[in-house]
Amino acid sequence: MNAMVVTYFIYIGISLGLTVWVARTLFKNGRVFLVDVFAGNEQLADSVNQLLVVGFYLINLGYVSLALKVQERVVQTSESIEVLSWKIGMVLLVLGGMHFFNLWLFAKIRSRSFLRRAPPPIKPDTHISTPTA
Amino acid sequence: MNKLTVLYDPTCSMCCRARRWLENQPQYVPLEFVGAGTARARTSYPELDPEETLQSVTVISDEGGVYRGAKAWLICLWALRKYRGWSLTLGSDALLPSARAFVEWVSRHRK
(Lines give C-alpha, C1' and ligand atoms only; values in the text may rest on other atoms or scores of the structure.)
Protein backbone atom coordinates (compact mmCIF):
# COMPACT_ATOMS: atom_id res chain seq x y z
CA MET A 1 0.00 0.00 0.00
CA ASN A 2 1.67 3.25 -1.09
CA ALA A 3 1.54 6.64 0.66
CA MET A 4 -1.19 7.86 -1.69
CA VAL A 5 -3.63 5.08 -0.74
CA VAL A 6 -2.84 5.50 2.97
CA THR A 7 -3.57 9.23 2.62
CA TYR A 8 -6.93 8.45 0.99
CA PHE A 9 -7.90 6.03 3.77
CA ILE A 10 -6.92 8.48 6.53
CA TYR A 11 -8.84 11.27 4.75
CA ILE A 12 -11.97 9.11 4.42
CA GLY A 13 -11.74 7.92 8.05
CA ILE A 14 -11.32 11.40 9.57
CA SER A 15 -13.96 13.00 7.28
CA LEU A 16 -16.54 10.31 8.06
CA GLY A 17 -15.82 10.57 11.79
CA LEU A 18 -16.19 14.37 11.75
CA THR A 19 -19.40 14.24 9.69
CA VAL A 20 -21.00 11.68 12.01
CA TRP A 21 -19.94 13.65 15.10
CA VAL A 22 -21.40 16.97 13.83
CA ALA A 23 -24.58 15.28 12.55
CA ARG A 24 -25.16 13.57 15.90
CA THR A 25 -24.58 16.85 17.77
CA LEU A 26 -27.07 18.55 15.47
CA PHE A 27 -29.58 15.72 15.87
CA LYS A 28 -29.32 15.65 19.67
CA ASN A 29 -29.46 19.41 20.29
CA GLY A 30 -31.71 20.45 17.41
CA ARG A 31 -34.55 18.32 18.78
CA VAL A 32 -35.18 20.74 21.68
CA PHE A 33 -35.67 23.65 19.22
CA LEU A 34 -37.99 21.64 16.99
CA VAL A 35 -40.17 20.34 19.86
CA ASP A 36 -40.63 23.99 20.91
CA VAL A 37 -41.38 25.09 17.32
CA PHE A 38 -43.98 22.37 16.82
CA ALA A 39 -45.70 23.22 20.12
CA GLY A 40 -44.69 19.99 21.87
CA ASN A 41 -45.56 17.66 18.97
CA GLU A 42 -42.59 15.33 19.52
CA GLN A 43 -43.44 12.98 16.69
CA LEU A 44 -43.39 15.80 14.10
CA ALA A 45 -40.24 17.31 15.65
CA ASP A 46 -38.43 13.94 15.46
CA SER A 47 -39.51 13.45 11.87
CA VAL A 48 -38.28 16.92 10.75
CA ASN A 49 -35.08 16.43 12.75
CA GLN A 50 -34.41 13.12 11.00
CA LEU A 51 -35.03 14.69 7.57
CA LEU A 52 -32.65 17.58 8.32
CA VAL A 53 -29.93 15.19 9.43
CA VAL A 54 -30.34 13.08 6.27
CA GLY A 55 -29.88 16.27 4.18
CA PHE A 56 -26.84 17.17 6.28
CA TYR A 57 -25.27 13.74 5.68
CA LEU A 58 -25.97 13.83 1.95
CA ILE A 59 -24.38 17.27 1.43
CA ASN A 60 -21.33 16.59 3.59
CA LEU A 61 -20.62 13.10 2.33
CA GLY A 62 -21.15 14.37 -1.21
CA TYR A 63 -18.50 17.03 -0.63
CA VAL A 64 -16.10 14.55 1.04
CA SER A 65 -16.47 12.22 -1.91
CA LEU A 66 -15.98 14.95 -4.56
CA ALA A 67 -12.94 16.36 -2.77
CA LEU A 68 -11.22 12.99 -2.41
CA LYS A 69 -8.90 13.18 -5.41
CA VAL A 70 -5.36 14.34 -4.64
CA GLN A 71 -3.85 16.28 -7.56
CA GLU A 72 -0.15 16.06 -6.70
CA ARG A 73 1.86 12.90 -6.07
CA VAL A 74 2.27 11.91 -2.44
CA VAL A 75 5.43 9.97 -1.67
CA GLN A 76 6.73 11.20 1.66
CA THR A 77 4.94 11.31 5.01
CA SER A 78 5.32 15.10 5.20
CA GLU A 79 3.54 15.48 1.85
CA SER A 80 0.77 13.20 3.07
CA ILE A 81 0.30 15.34 6.19
CA GLU A 82 0.18 18.54 4.10
CA VAL A 83 -2.45 17.12 1.75
CA LEU A 84 -4.50 15.75 4.65
CA SER A 85 -4.32 19.04 6.51
CA TRP A 86 -5.66 20.95 3.48
CA LYS A 87 -8.41 18.44 2.75
CA ILE A 88 -9.57 18.00 6.36
CA GLY A 89 -9.52 21.80 6.75
CA MET A 90 -11.88 22.14 3.80
CA VAL A 91 -14.16 19.41 5.20
CA LEU A 92 -14.21 21.24 8.55
CA LEU A 93 -15.14 24.53 6.87
CA VAL A 94 -17.95 22.88 4.90
CA LEU A 95 -19.19 21.17 8.07
CA GLY A 96 -19.02 24.49 9.96
CA GLY A 97 -20.91 26.26 7.17
CA MET A 98 -23.59 23.58 7.10
CA HIS A 99 -23.85 23.63 10.88
CA PHE A 100 -24.39 27.40 11.00
CA PHE A 101 -26.87 27.13 8.15
CA ASN A 102 -28.83 24.60 10.21
CA LEU A 103 -28.72 26.86 13.27
CA TRP A 104 -30.00 29.76 11.14
CA LEU A 105 -32.75 27.50 9.81
CA PHE A 106 -33.79 26.44 13.34
CA ALA A 107 -33.82 30.08 14.49
CA LYS A 108 -35.91 31.11 11.47
CA ILE A 109 -38.43 28.29 11.94
CA ARG A 110 -38.63 29.16 15.64
CA SER A 111 -39.17 32.88 15.08
CA ARG A 112 -41.89 32.14 12.53
CA SER A 113 -43.64 29.86 14.99
CA PHE A 114 -43.32 32.57 17.68
CA LEU A 115 -44.94 35.13 15.39
CA ARG A 116 -47.77 32.78 14.46
CA ARG A 117 -48.65 32.37 18.13
CA ALA A 118 -47.97 35.98 19.22
CA PRO A 119 -50.97 37.77 20.79
CA PRO A 120 -51.87 41.31 19.59
CA PRO A 121 -49.42 43.92 20.91
CA ILE A 122 -52.23 46.29 21.93
CA LYS A 123 -55.51 46.15 23.81
CA PRO A 124 -58.79 47.33 22.24
CA ASP A 125 -59.92 50.91 22.93
CA THR A 126 -63.40 49.65 23.86
CA HIS A 127 -65.56 46.58 23.58
CA ILE A 128 -68.92 46.27 21.96
CA SER A 129 -71.17 43.68 23.46
CA THR A 130 -72.49 41.72 20.51
CA PRO A 131 -70.92 42.21 17.12
CA THR A 132 -73.42 40.92 14.61
CA ALA A 133 -71.10 40.88 11.57
CA MET B 1 -59.39 35.97 17.31
CA ASN B 2 -60.73 34.61 14.02
CA LYS B 3 -61.81 37.64 12.02
CA LEU B 4 -61.28 41.41 11.90
CA THR B 5 -63.71 43.83 10.29
CA VAL B 6 -62.22 47.08 9.04
CA LEU B 7 -64.51 50.13 8.82
CA TYR B 8 -62.88 52.60 6.42
CA ASP B 9 -63.95 55.80 4.68
CA PRO B 10 -64.94 54.66 1.15
CA THR B 11 -64.79 58.24 -0.19
CA CYS B 12 -61.10 58.66 0.71
CA SER B 13 -58.70 57.56 -2.05
CA MET B 14 -55.84 56.86 0.38
CA CYS B 15 -58.12 54.62 2.47
CA CYS B 16 -59.19 52.72 -0.67
CA ARG B 17 -55.56 52.22 -1.69
CA ALA B 18 -54.76 50.98 1.83
CA ARG B 19 -57.70 48.59 1.63
CA ARG B 20 -56.46 47.15 -1.68
CA TRP B 21 -52.96 46.75 -0.25
CA LEU B 22 -54.25 45.00 2.88
CA GLU B 23 -56.49 42.70 0.83
CA ASN B 24 -53.55 41.53 -1.26
CA GLN B 25 -51.32 40.60 1.69
CA PRO B 26 -51.21 37.03 3.04
CA GLN B 27 -53.13 36.98 6.33
CA TYR B 28 -53.02 35.09 9.62
CA VAL B 29 -56.43 36.52 10.52
CA PRO B 30 -58.91 37.23 7.69
CA LEU B 31 -59.77 40.90 7.18
CA GLU B 32 -63.21 42.02 6.03
CA PHE B 33 -63.79 45.55 4.75
CA VAL B 34 -66.99 47.51 5.26
CA GLY B 35 -67.51 51.16 4.26
CA ALA B 36 -67.89 53.34 7.38
CA GLY B 37 -71.27 55.06 7.66
CA THR B 38 -72.91 52.66 5.17
CA ALA B 39 -76.19 50.94 5.95
CA ARG B 40 -74.37 47.66 6.49
CA ALA B 41 -71.97 49.22 9.01
CA ARG B 42 -74.83 50.91 10.87
CA THR B 43 -76.84 47.68 11.04
CA SER B 44 -73.90 45.49 12.04
CA TYR B 45 -72.43 47.89 14.61
CA PRO B 46 -75.26 50.04 16.01
CA GLU B 47 -73.19 50.82 19.11
CA LEU B 48 -70.53 52.66 17.08
CA ASP B 49 -70.91 56.33 16.14
CA PRO B 50 -70.86 56.46 12.26
CA GLU B 51 -69.26 59.96 12.27
CA GLU B 52 -66.43 58.76 14.45
CA THR B 53 -65.78 55.72 12.22
CA LEU B 54 -65.62 58.01 9.18
CA GLN B 55 -63.03 60.22 10.86
CA SER B 56 -60.62 57.50 11.93
CA VAL B 57 -60.28 53.95 10.69
CA THR B 58 -61.92 51.48 13.07
CA VAL B 59 -61.33 47.75 13.36
CA ILE B 60 -63.66 45.39 15.21
CA SER B 61 -62.63 41.87 16.17
CA ASP B 62 -65.05 38.96 16.20
CA GLU B 63 -64.61 39.03 20.00
CA GLY B 64 -66.03 42.57 20.15
CA GLY B 65 -62.76 44.50 20.64
CA VAL B 66 -62.79 47.94 18.97
CA TYR B 67 -59.48 49.45 17.77
CA ARG B 68 -59.26 53.02 16.47
CA GLY B 69 -56.63 55.08 14.59
CA ALA B 70 -53.08 53.86 15.20
CA LYS B 71 -54.33 50.82 17.11
CA ALA B 72 -56.52 49.92 14.14
CA TRP B 73 -53.48 50.04 11.87
CA LEU B 74 -51.42 47.97 14.30
CA ILE B 75 -54.07 45.28 14.60
CA CYS B 76 -54.29 45.14 10.78
CA LEU B 77 -50.50 44.71 10.56
CA TRP B 78 -50.73 42.04 13.27
CA ALA B 79 -53.22 40.16 11.08
CA LEU B 80 -50.73 40.02 8.17
CA ARG B 81 -48.20 37.25 7.84
CA LYS B 82 -45.36 39.47 6.60
CA TYR B 83 -45.94 42.35 9.02
CA ARG B 84 -46.78 40.74 12.39
CA GLY B 85 -43.19 41.33 13.52
CA TRP B 86 -43.55 45.03 12.64
CA SER B 87 -46.79 45.28 14.60
CA LEU B 88 -45.07 43.86 17.70
CA THR B 89 -42.22 46.37 17.34
CA LEU B 90 -44.41 49.40 16.61
CA GLY B 91 -46.91 48.38 19.30
CA SER B 92 -44.26 48.35 22.04
CA ASP B 93 -44.50 50.95 24.80
CA ALA B 94 -41.49 52.81 23.38
CA LEU B 95 -42.79 53.20 19.83
CA LEU B 96 -46.56 53.32 20.24
CA PRO B 97 -46.67 57.12 20.89
CA SER B 98 -44.66 57.79 17.70
CA ALA B 99 -46.85 55.41 15.69
CA ARG B 100 -49.93 57.16 17.07
CA ALA B 101 -48.55 60.63 16.21
CA PHE B 102 -47.70 59.49 12.68
CA VAL B 103 -51.14 57.97 12.02
CA GLU B 104 -52.87 61.08 13.41
CA TRP B 105 -50.76 63.30 11.14
CA VAL B 106 -51.60 61.16 8.09
CA SER B 107 -55.25 61.11 9.10
CA ARG B 108 -55.37 64.94 9.30
CA HIS B 109 -53.78 65.32 5.85
CA ARG B 110 -55.67 62.62 3.95
CA LYS B 111 -57.95 63.60 1.07
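A, B, ... follow the sequence lines: proteins, then strands. Residue 1 opens every chain.
Hydrophobic clustering, with ILVMFWY side chains joined whenever heavy atoms are under 4.5 angstrom apart, keeps Val54(A) apart from Leu95(A). No continuous path of ILVMFWY side-chain contacts below 4.5 Å connects Val48(A) to Val35(A), so the two sit in separate hydrophobic clusters. Under the 4.5 Å side-chain heavy-atom criterion for Ile, Leu, Val, Met, Phe, Trp and Tyr, Leu92(A) and Phe101(A) are members of the same hydrophobic cluster. Taking hydrophobic clusters as Ile, Leu, Val, Met, Phe, Trp and Tyr residues chained together by side-chain heavy-atom distances below 4.5 Å, Tyr83(B) shares a cluster with Tyr8(B). By the criterion of side-chain heavy atoms lying less than 4.5 angstrom apart, applied directly or through intervening Ile, Leu, Val, Met, Phe, Trp or Tyr residues, Leu18(A) is grouped together with Val20(A) in one hydrophobic cluster.
Contacts of Leu48(B) with chain A are made by side-chain atoms alone, with heavy-atom separations under 4.5 Å and no backbone atom involved. For chain A, the nearby parts of Tyr67(B) are the backbone and the side chain; heavy atoms of each come within less than 4.5 Å.
Within a 6.0 Å sphere centred on OH of Tyr57(A), other residues, nucleotides and ligands contribute more than 12 heavy atoms. Atom CH2 of Trp86(B) has 12 or fewer heavy atoms from other residues, nucleotides or ligands within 6.0 Å.
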Pairs under 3.5 angstrom only: tabulate donor-acceptor contacts from the side chains of residues 22-34 of chain A to other protein residues two or more places apart or in another chain.
unit_1: Thr25(A); atom_1: OG1; unit_2: Trp21(A); atom_2: O; d: 2.8
unit_1: Asn29(A); atom_1: ND2; unit_2: Thr25(A); atom_2: O; d: 2.9
unit_1: Arg31(A); atom_1: NE; unit_2: Asp46(A); atom_2: OD1; d: 2.6
unit_1: Arg31(A); atom_1: NH2; unit_2: Glu42(A); atom_2: OE1; d: 3.1

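Shortest non-hydrogen contact noted between Pro121(A) and Ser87(B) is CG-O, 3.4 Å.
Interface residues of residues 102-119 of chain A toward chain B, defined by a heavy-atom distance below 4.5 Å and sorted by number: Arg112(A), Phe114(A), Leu115(A), Arg116(A), Arg117(A), Ala118(A), Pro119(A). Of all residues spanning residues 97-105 of chain B, none has a heavy atom less than 4.5 Å away from chain A's heavy atoms. Residues from residues 68-89 of chain A never place a non-hydrogen atom less than 4.5 Å from a non-hydrogen atom of chain B.
Between chain A and the options Val66(B), Val59(B), Val34(B), Val29(B), heavy-atom pairs under 4.5 Å are most frequent for Val66(B).
Considering CG of Leu96(B) and CD1 of Ile122(A), their distance stands at 7.5 Å, rounded to 0.5 Å. The distance from atom NE2 of His127(A) to atom CD1 of Ile60(B), rounded to the nearest 0.5 Å, is 12.0 Å.
At a threshold of 4.5 Å between non-hydrogen side-chain atoms, the residues Arg68(B) and Thr126(A) count as touching. Within the 4.5 Å cutoff, no side-chain heavy atoms of Pro124(A) are placed close to those of Lys71(B).
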